[in-house]
Amino acid sequence: MVGSFSKVAVRFHSARCENYRDCDGIYTAGGRLRLLHPISGATAGDFVLPSSREEVDGDSPWNQWLLSECPELFASAMESFCALPCFRENPGKAISAYMSFVPLLGEVHGFFAILPRMIISRLRMSNCLLLEGDCCKWVPPCKVLRGWDEQARTLLTDGLLQEHLGLGFLNKDIVLSDQLARALGIEAYGPKTLQQFLSSLCNKENGLQSLGLSWLGRFLNVLYTMSFQSSGHVSDVFRMEKDLIKNLQKIPFIPLSDGTYSSLDRGPIWLHTDGLGSGSDGEHGLKAFPRMYMKLRIVSPALFSVTDDFSCLDMDYVDDVTKMLHKIGVQRLSAHEIVKVHILPSLSADRNSMDKNLMIEYVCFVMIHLQSGCPTCRVDKDSVISELRNKALILTNYGFKRIVDVPIHFSEDYGNLINMHQLINVTDMRWHVVDSSYLKHPVTESFSCGKMKWRQFFQEMGITDFLQVVQVQKGIADISSETSKRMLLDMDLITPGLVVKDWESKELVQMLSQFSRTGNKESCKYLLEVLDTYWEHLFCDKVKGYCYPTSDGDSRPFKSSFMNSICDLQWVVSSMDDHLHCPKDLFYDCEAVRLILGASAPYAVPKVRSEKLLSDIGFKTEVKLDDVLAMLQVWRRSGNLFKASVAQMARLYSFIWNELASSQIRMSEEIRTSQFIFVPSASGFRREELVSGIFCSPKEVYWHDSTGSVKQVNQVYSQGRLVGATDGPPCKTLDNIYPGLYDFFVRECNVLEGPSFRVYLKMLAELSASALPSQVANIVFQIFLKWNDDLVSGSITVEDVSYFKECLTKPEYTVLPTVLDKWVSLHPSCGIVCWSDDENLRKELKHVEGVDFLYFGEPSNNQEMLPANVTKLLRTLGIPALSEVVTREAIYYGSADSTLKAQLIDWALPYAQRYIYSVHTQQYLQLKQSGFDSLKQLQVVVVENLFYRNVIKSCGSSSKKRYDCNCLLEGNVLYVAQQSDSHALFLELSRLWFDGHPELHIANFLHMITTMAESGSTEEQTETFILNSQKVTKIPDEETVWSLAYLSSRDLEKSLVISTTSGGTSEQTVFKSRRKSGTIPNWPPVDWKTAPDFRYACENGFRTRAVDSISHDKIEVDSEITVTVMENVVPTEMDANWKIGGNAAAMSGLLANIQNSEEHFAQSYGTVMDTELSSVDASAMTIVPAKCSSDVPVKSLPNFSSRERLNTGNPDGAQAMLTGRLGENVAFRYFTGKAGKATVSWVNELSETGLPYDILIGENEADREYIEVKATTSKRKDWFNITTREWQFAVEQGESYSIAHVVLGDNSTARVSIFKNPIKLCQQGKLQLVVMMPRQETDLSGMS
C-alpha cells in the first residue's frame, strides 16, 4: 500500500490459443484487475484500488492512463493474432475470431463502461479488415461491403464498386455479427446499396451508357428481387419500398427510345406494351420513330432484348424488369393508344412550331399501324382516315399542307408516270406533290411493295397522280345566266328548283390559263399527251354534267365545265406556227387532210390516239375550200419558212380547180393577183419530198425557160439566201414543177410563157445583191454565154446591149463577178476590169491594186468556164483582155555593140517578109497600110544583162517580180542580151508584126534558116526547102525588101559570123551579107516541114542505125591505164536525100544521125517555144552504138604539158551536155562489148540521176565497178573537170572506181582511156590535180 490506499495490480493474462475460448471478460480477483486477452504471454497492469478494494479508483491518473491505452493495445494485437500459425492459411477466420472478443456497448459497466466504445472507435479508424480476393490489403471497416453474393459480385465489379461507392467486397471468410458490423460502420449489400450505386453511376458522364442496357436490365431485375420480394415486417418493408421508389424516381436511369436516359421526376414515361411483342409496330418502334418516342418518352425496347451477355434471360426476367418499371411509376401504352391518344390530337398543332420529322413519323406510324391488322382499327379505320384527311399535315414540295386545303399529288417517286416538271416549271402555278421522305422512312423497307402501300394509303386520303376533277352540286341560283344558257338550250327547263351536278377542275383551268398566257408549247404538247393517255381511264366520264329537275323527269346532259375549259381555251399546239389555238381551229392529222394540205397544215400536236378524246375535243377531220384559201394566206405570211412537197401542192391546186369547176364560179381577181403559187427554192427534189419555197403571183413566174439557166439560178439562190438574201428566187418556171396544170396556171391564172432579156438582167442584179460571186459565178457565165450566143445570132437587140452597157458604167450596178469575190461595174471607181487570157500572168498580177479579173467559176467536166467563150460579148461591152492592158518593161544593165545582132536581124528580115506575105496575107496588108512604120522605127539594143517586169500603165501598177530574159521588144526597141540565141531573138521579133503576140511558126521558120546556115547549107538547098517544104513563095518584085533602116551600108557589108563552140574550141561559119533588092538566098533541105531549134532537137533524142558488132583493139599502157581507139562511132550517112561527108563539123555530123527527121520535127514544131531553150532534157536522148574499126596504138604514157593557164574557152551548156551524153554512149558500148549487156548498166540512159558515176558493171555488190565518163571533142584538151562528190566517191571505192575519158573525133572515131583507181594514180604521179582560180582580180575580192 502506498499512501492512503492500497496498490492494486492489474494483470492481463494470456492463455494459450487453444484455450482462448475459455477466457472471457475483464474481472478483478484478490485486489488485482485481470484483463484476459487471447495473446500468448501475459501483460499485467495494476490499477490503483481504493482501500475498500471494491472499485477501481476512477480519479487516479494512472488508472485513467492505463484505460486509455487499452484500445490501442487491442488494435495493435490484431496483426500478431492473425499471424498465428493456425491462421496463416485463412486470415479471414483469424479476423472473425479476434473480432468476437470486441466488447459491445452495454456489456461492461463502471469504470470500464467506456472501454467498448473506445475499442470500436479505434477499430473503425484502423485497417482491420481484408478485401475479397486480396489477403494482403487491409482496409478500414467503412471501405468494405458485407453480405454480398456471387450475383452481386458479377453485377458490381470491384472497379465499379470502388469507383462509385469507394467500397470493396469484404473477405467472405470474415463473419461478423450484425451488431458489431453496424457498430464498426460496415456497409451491408442491399437495395440501398444498389440505389446509391445507380445514383452515382448516373451522375457520371456516360457512366450508365458505358455499361449498356443489358447490364441495366440485370440490375433492375436484381433490384426488384431484393426490394419487392423480401420478407419482414410489413410496415418496415412498405417504408423501405416507399423510400427506395422515391429515390429511384429522382435518378435518370430509365432508357428512352431516343437513346437518352431520364427520370420520372422530369415527366411521365411510357412503356410501349406492343413493343414487347412481335407485331410490326414493335419491330420498327424505336429506330423507326425516334422523335415520336422521344416526345412520348417511351422506354427503349432494347431494355427487354435478350443478349449474349445474359443468356438466361426469359419471360420472368422481362416481367421482373417490367414490374420494376411499373413499381417506380412507368405507365403502359399500346400502338393504337398512340394513334388515338397522341398522334391524332397532335395533328392540329401549329405548323410553324411543329417538328418536320415528327409529323412525318406520325403519318408513318399511322400507316404502318393500319397495315398491322389491329382489331380495333378495323372498326375505326374510316374515322382515322377521315381525321387524317382533314387534319394531317402532309409534307409537300411547298411545306406541310392539308389535303382539304390544297390538292396534293404523287410525284414520280411514288410511281407517277406523268412528268409534271414539263407542265408546271414554266408557270407560277404551285403543284403540290408528296415529299419522298415517307418512302425513305425505315418502315417502307418492311413491306415487299412499300411504294404501293404508300400509294394505297395516300389514295385513301385523297392524293392523286394528276388533275383533281371533283363533282359539285349547285342550285340554279348559284349558276350565272351565261353559264346556264351554255348549259341548257331550252330555257323553259330552267326552274328555281333545278339541281345541277357538274364536273370542275380548278387546277386544269389554272394550268390552261397559264399556258394560254405564256404560250409554252412544250408544256401544252405534254398536257395533250397526258390527256390522251389517261382520258378513257380517268376523264371520259367527266365530259358531261347533268341537270335534275324537281319534278319527275329524266336528267338532261350538258357539256361539263371541265370539258368547256378544255375546248374554249387556246392551249393546243399547231404544227405550223408558234401560237396556241382552240382545239376546234386545228386539224386532226389524218390521210384525208394530209393529201390536200400536206405537212404544213395546222395539225394538233401531238397526234391523239384516243378516239374518245378525238370526238370529245372537236378537232377538224375534213377539208373545205374556205380552209384551203385560208391556209394559202397563212402559208404566204410564213415567207421562206414554209415547206411543202410538190405532189401535195399539185393536189391542192387540183382541189381548188375541181371545187371552182363544181361550183361553176371563176377565181376572184383578189386571188388571181395574190401570191398563191408555191415555187420551191431548191431544185433536184423528189415530188414527195418536203422542200422550202415561196409563194409568187402569176406575174412573178413563167411557165417555161428554154435555156435551162433558171433552174441553176434558183439552185444558187437557195445557197445565196444563207448569206443574207431575203427575197425569193428572181425567176421561176412552173413546167417542171406542175407539168399537168398548164391550163390552170396559164389559162386560169394568166401565168406568162417565159422570161425576157430584161428579166435576165434583173436576175443578174438580184444575184449580185444576194450572193457572193464565188457562189454564182458559173450561173453568171451561163447567162453571159446565152447573151453571147444571142449576140452572135442577133436575138439580142442593139438597144438591149446598149442598155446593159450603160448600166455597167454606173457605180451602183455591180454585176460583174471577179476573182476577189466581189461584184464590180465598169465605172472608173472600180479600177480596171479585164478578163484573163493568160493564167500565169493573172496569178502574178492578182494582187496588184487597181486591177480586177472577171471570174466565171471553176472548169467543169463538160464545159470550161473561160472568158474566151464569151469573148464577143465582153468585147462588145468594152471589157479588155489582160494581155491588152499589160506591157513588159525592160530592165537592163550594161551595154554592148549591137552590130552583130542587128546584122542577124537585117539578114533574116527578107525571109520574115516572105513568110508573112505567104502565110499571113491579111496581116501583111495591114502592115503595108501602116507604111511599115513599126519596122522603120525598130532599133536593136544589145545589153549585158536583161530583165523585164509586167506593168499596167493605165493604173500605174507593176509587178514586184522581174524575169530574166534574152530578148524583149518594148515599143519599137528590141533589147537583146549578149547570150541570146537566134530562136529567142526571132520569137521576140515576131511581136512586132502580130500586135505584141509572139508567133512561134515564123520564129521556127527563121531559126531553121539560121541553123541551116550554120550547118553550111547552100543557097540552092535553102531555096528548095523554102519553096517545096515550107510552101513559102517569093514576094513580088514591086515589094520593097525589109531591112533595118538605121544600119549603115558599111555595116551591111561586114561579115555576119555565126559561131558554134565545142568543149573549149570554137569554130565559126562566115556569111557575106547579100542584101540586094530582088535576091533571095536558097535553103536546104527540101523535105523538112519545120526546123525547130537545133539544140532542142538534139536534146529530144536523135536515133541512129544500129550496129552488128563493135571491134576494138586495146593497148595496155600499164595495169591502171588502158587506151582504145574506136571507129565509126557516128555514122556519116542518114538516107538517100541527106549526106554529110566525113570532114563535116561535129554538129553537122551529129545532125546526120537523125532518123525519120521529117516526122520528128513535124511533131516537135508546135512545142519548141514551150521549152526553155537554156535547159536540156537529158531523159529524152537515146544514142544508138555505131561500128568502130581499128585501134590506134599508144606506145607510151602521156607527158604532162607545162603551161601557165588552161584554155577553157567559152563552152555552150547544151553542147557540153550533148558531148557528155555521146561520150557516155560510146563508153557504154565499149564496156558492153567487153562484159556483155547483162552486166553493164548505163545509169543515165533514161534521165540524169546525179550519181557520182555513169556506168555500173557487175551484178553482185562485192565485185561491182563504177565508171565515171568524161568526154570531149577536142584532141588538144588533156584535162577534164571532176566534182568534189565524184572525187570523194573515188576515195571511198578505191580499185572499184575508174574514169573513162572519151575523145570524140571528127571522122566518126573515138578514143577511150580507162584510168583505174584515179586516187592511186594521182598518188603515183601518173595523174595530176589542178585547182583553177578566177581570172579577174575582182573575183578574188571576197577571198582571204
Side-chain angles (χ1 to χ4, degrees), residues 574-577 581 584-604 618-681 685-705 710 714 728-729 731-755:
S574 171
S575 61
M576 62 173 297
D577 58 27
H581 304 267
K584 61 183 178 180
D585 298 331
L586 299 179
F587 288 93
Y588 175 66
D589 190 358
C590 57
E591 184 178 4
V593 179
R594 184 169 284 271
L595 284 175
I596 299 175
L597 300 181
S600 299
Y603 297 112
F619 293 138
K620 292 188 288 186
T621 57
E622 295 181 355
V623 181
K624 298 180 180 179
L625 180 60
D626 293 339
D627 296 329
V628 173
L629 298 179
M631 289 310 305
L632 286 174
Q633 295 180 1
V634 174
W635 292 344
R636 185 169 61 251
R637 288 194 299 268
S638 63
N640 295 338
L641 299 177
F642 176 74
K643 286 187 176 183
S645 68
V646 173
Q648 174 257 314
M649 294 304 297
R651 289 192 293 268
L652 182 139
Y653 294 129
S654 298
F655 176 82
I656 297 176
W657 181 245
N658 294 333
E659 290 293 319
L660 292 175
S662 61
S663 59
Q664 296 182 356
I665 57 176
R666 293 281 299 174
M667 181 179 293
S668 63
E669 187 65 23
E670 180 181 1
I671 299 177
R672 186 180 289 108
T673 56
S674 63
Q675 296 176 331
F676 70 94
I677 303 176
F678 175 74
V679 178
S681 300
F685 49 83
R686 298 187 300 272
R687 293 189 61 81
E688 297 294 338
E689 179 183 0
L690 286 178
V691 293
S692 60
I694 62 171
F695 286 91
C696 304
S697 65
K699 295 181 179 180
E700 296 174 325
V701 295
Y702 308 92
W703 179 251
H704 179 64
D705 171 41
V710 171
N714 293 338
C731 187
K732 311 95 183 176
T733 57
L734 303 180
D735 61 328
N736 59 332
I737 304 176
Y738 308 108
L741 296 175
Y742 174 84
D743 292 338
F744 174 71
F745 286 112
V746 177
R747 297 180 180 178
E748 181 69 23
C749 304
N750 299 329
V751 172
L752 299 178
E753 290 283 346

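The CG atom of Asp627 lies 10.0 Å from the CD atom of Glu622; values are rounded to the nearest 0.5 Å. Going from atom CG of Leu752 over to atom CZ of Phe745 covers 14.0 Å, rounded to the nearest 0.5 Å. Atom OG1 of Thr733 and atom CD1 of Ile737 lie 6.0 Å apart (nearest 0.5 Å). How far CH2 of Trp703 is from OH of Tyr738: 10.0 Å, rounded to the nearest 0.5 Å. Remark: Phe678 CZ to Ser692 OG distance equals 7.0 Å, nearest 0.5 Å. With rounding to the nearest 0.5 Å, the separation of CZ in Phe676 from CG in Leu652 is 10.5 Å.
Proximity of Leu597 to Trp635: side-chain heavy atoms (C-beta onward) are separated by under 4.5 Å at one or more points. Val646 is listed as a side-chain neighbour of Pro680, based on a closest heavy-atom distance under 4.5 Å. With a 4.5 Å cut-off on side-chain heavy atoms, Val623 and Phe587 count as touching. Under the 4.5 Å side-chain criterion, counting only non-hydrogen atoms from C-beta, Leu632 is in contact with Ile656. Side-chain contact between Lys732 and Ile677 is absent, with no heavy-atom pair separated by less than 4.5 Å. Between Asp577 and Pro602 the shortest side-chain heavy-atom distance does not fall below 4.5 Å.
Enclosure of atom CD in Glu689 by more than 12 non-hydrogen atoms of other residues, nucleotides or ligands within 6.0 angstrom is indicated. Residue Lys643 places its NZ atom among 12 or fewer non-hydrogen atoms of other residues, nucleotides or ligands, all under 6.0 Å distant.
Here the side chain of Gln648 pairs no donor or acceptor atom with the backbone of Leu595 at under 3.5 angstrom. With hydrogens and angles disregarded, no donor-acceptor distance shorter than 3.5 Å links the side chain of Thr673 to the backbone of Ser697.
Between Tyr588 and Thr621 the shortest heavy-atom distance is CB-CG2, 4.0 Å. In terms of heavy atoms, Pro698 sits closest to Asn750 at CB-O, 4.0 Å. Minimum heavy-atom separation, Lys620 to Lys584: CG-O, 3.7 Å. Contact between Arg687 and Ala650 at its shortest, heavy atoms only, is NH2-CB, 4.0 Å. Heavy atoms only, all atoms of each residue included: Ala601 and Met631 are closest at CA-CE, 4.2 Å. When all heavy atoms of Leu586 and Ser574 are compared, the pair lying nearest together is CD2-CB, 3.8 Å.
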